[in-house]
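Labels below follow one simple rule: chain letters A, B, ... track the order of the sequence lines, proteins then strands, and each chain is numbered from 1.
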Amino acid sequence: MTRPDLNLLVTLDVLLAEGSVARAARRLRLSPSAMSRALARLREATGDPLLVRAGRGLVPTPRALELRTLTGPIVEAAEACLRPAESLDLKTLARTFTLRNREGFVENFGAGLIARVEREAPGVRLRFVQKLDRESSPLREGTVDLETAVVGDMTGPELRAQALFHDRFVAVVRPGHPLTSGEVTPARYAEGHHIHVSRRGNDVGPIDTALQALGLSRKITASVGSFSEALALVRATDLVASVPERYTGSLRENLVTFPLPVALPEITISLLWHPRLDADPAHRWLRGCVREVCAV
DNA sequence: CCACCTCGACCAAAATCCAA
DNA sequence: TTGGATTTTGGTCGAGGTGG
């Protein structure tokens with residue numbers, strides 16, 4: 001009984017994550033041919049085809065899907081065993097972290113986060129990138145280190161998530177807007193002309209559903225893709241925008257904010273990362289920074 | 001035609017074996 | 001114990017098949 005080749009575990013992990021011999025080969029800096037042979041060895045070892053041809057690419061077998069959630073933590077744990085015990089020295093840590101957030105995050109929390117990082121780890125650079133979709137592949141591939149999101153069905157099951165803060169939707173209008181005087185009833189709110197914020201171009205959201213339950217509907221005059229666009233329009237028009245309160249904190253300066261007259265469930269903004277970085281001391285430190293900055 | 005996967009032939013390095 | 005022969009391992013190269 002020969003011992004199984006544990007090196008294959010790393011290959012398997014990448015192969016399953018990529019779902020393609022060619023891409024896995026690029027990632028491990030091997031030729032596609034060498035990767036194909038590694039896959040052949042894996043098939044031999046596991047007794048399962050793992051990835052089978054489907055058209056131009058490959059699709060995972062049920063066994064492969066089952067293994068996919070197992071290999072990541074195993075590889076991570078194995079690498080942690082072999083790494084020399086490093087103590088994190090923030091003063092000399094030189095590293096760039098990529099954070100992927102929906103617009104509004106940088107405007108709101110960026111300054112605090114940068115100040116905090118600068119103070120504790122002057123050699124660390126933060127790179128903020130826009131989050132235009134809910135794909136979790138950048139985290140998996142390692143092009144993004146940390147992400148904030150509302151955890152939903154689209155979130156990859158293999159990601160780690162931790163709640164950052166709760167938020168609720170509020171309505172925003174310009175100063176002097178008719179809705180700034182008197183009580184805002186659901187009917188008065190619905191009468192206004194609204195800006196709808198949606199990245200995917202959906203026409204209706206939870207607000208419309210809540211209004212509908214009261215027999216009301218609102219008129220959506222404009223639809224935009226981001227909170228900052230919506231709020232810029234609010235400044236210049238009589239339109240009403242409904243945005244998450246904490247997420248848009250500083251963006252709403254000099255505007256009038258009031259609670260929505262309908263009840264909506266709270267949303268939870270979470271921090272997402274890949275299990276691979278779970279034990280990384282520097283990454284753990286950064287997660288702590290983000291948590292603290294967002295908790296204020 | 002292009003992108004992708006697989007295979008045979010071949011090669012270098014490492015591991016193993018074995019006689020002296 | 002050691003030095004050389006042999007086997008194993010894991011890679012490249014190039015060719016070939018397949019499907020969009």
Listing time: all N or O pairs from protein to nucleotides 17-20 of chain C that are below 3.5 Å?
unit_1: C:dG17; atom_1: N2; unit_2: A:Arg53; atom_2: NH2; d: 3.3

CA sep, side-chain torsions, deciding dist, call: A:Val256, A:His177, side-chain contact (heavy atoms from CB on, under 4.5 Å): CA-CA 9 Å; A:Val256 181; A:His177 188 281; over 6 Å; no

A:Arg100 NZ/CZ over A:Phe105 ring centroid, <6.0 Å and within 45° of normal: no

Ring-face cation contact, A:Phe165 with A:Arg246, 6.0 Å cut, 45° max: yes

Pairs: protein N or O with nucleotides 7-10 of chain B N or O, under 3.5 Å:
unit_1: B:dC7; atom_1: N4; unit_2: A:Ser33; atom_2: OG; d: 2.8
unit_1: B:dA9; atom_1: N6; unit_2: A:Arg37; atom_2: NH1; d: 2.7

Could you check how far [atom1] of [X] sits from [atom2] of [N], rounded to whole Å?
X	N	atom1	atom2	result
A:Met35	C:dC13	CE	P	16 Å
A:Leu30	C:dT12	CG	C1'	11 Å
A:Leu15	B:dC4	CG	P	14 Å
A:Leu42	B:dC5	CG	C1'	15 Å

A:Leu39 reachable from A:Leu70 in the ILVMFWY side-chain graph, under 4.5 Å edges: yes

Geometric class of the A:Phe97/A:Trp285 ring pair [parallel <30°, tilted 30-60°, perpendicular >60°]: tilted

Trace of the side-chain contact (heavy atoms from CB on, under 4.5 Å) decision for A:Leu113 with A:Cys289: CA-CA 7 Å; A:Leu113 188 58; A:Cys289 289; 4.0 Å; yes

Evaluation steps, side-chain contact (heavy atoms from CB on, under 4.5 Å), between A:Arg95 and A:Asp280: CA-CA 13 Å; A:Arg95 190 156 153 187; A:Asp280 179 50; 2.8 Å; yes

Phosphate-side-chain proximity, A:Ser31 and C:dG11, N/O vs OP1/OP2 below 4.0 Å: no

More than 12 heavy atoms of other groups within 6.0 Å of A:Arg125 CZ: no

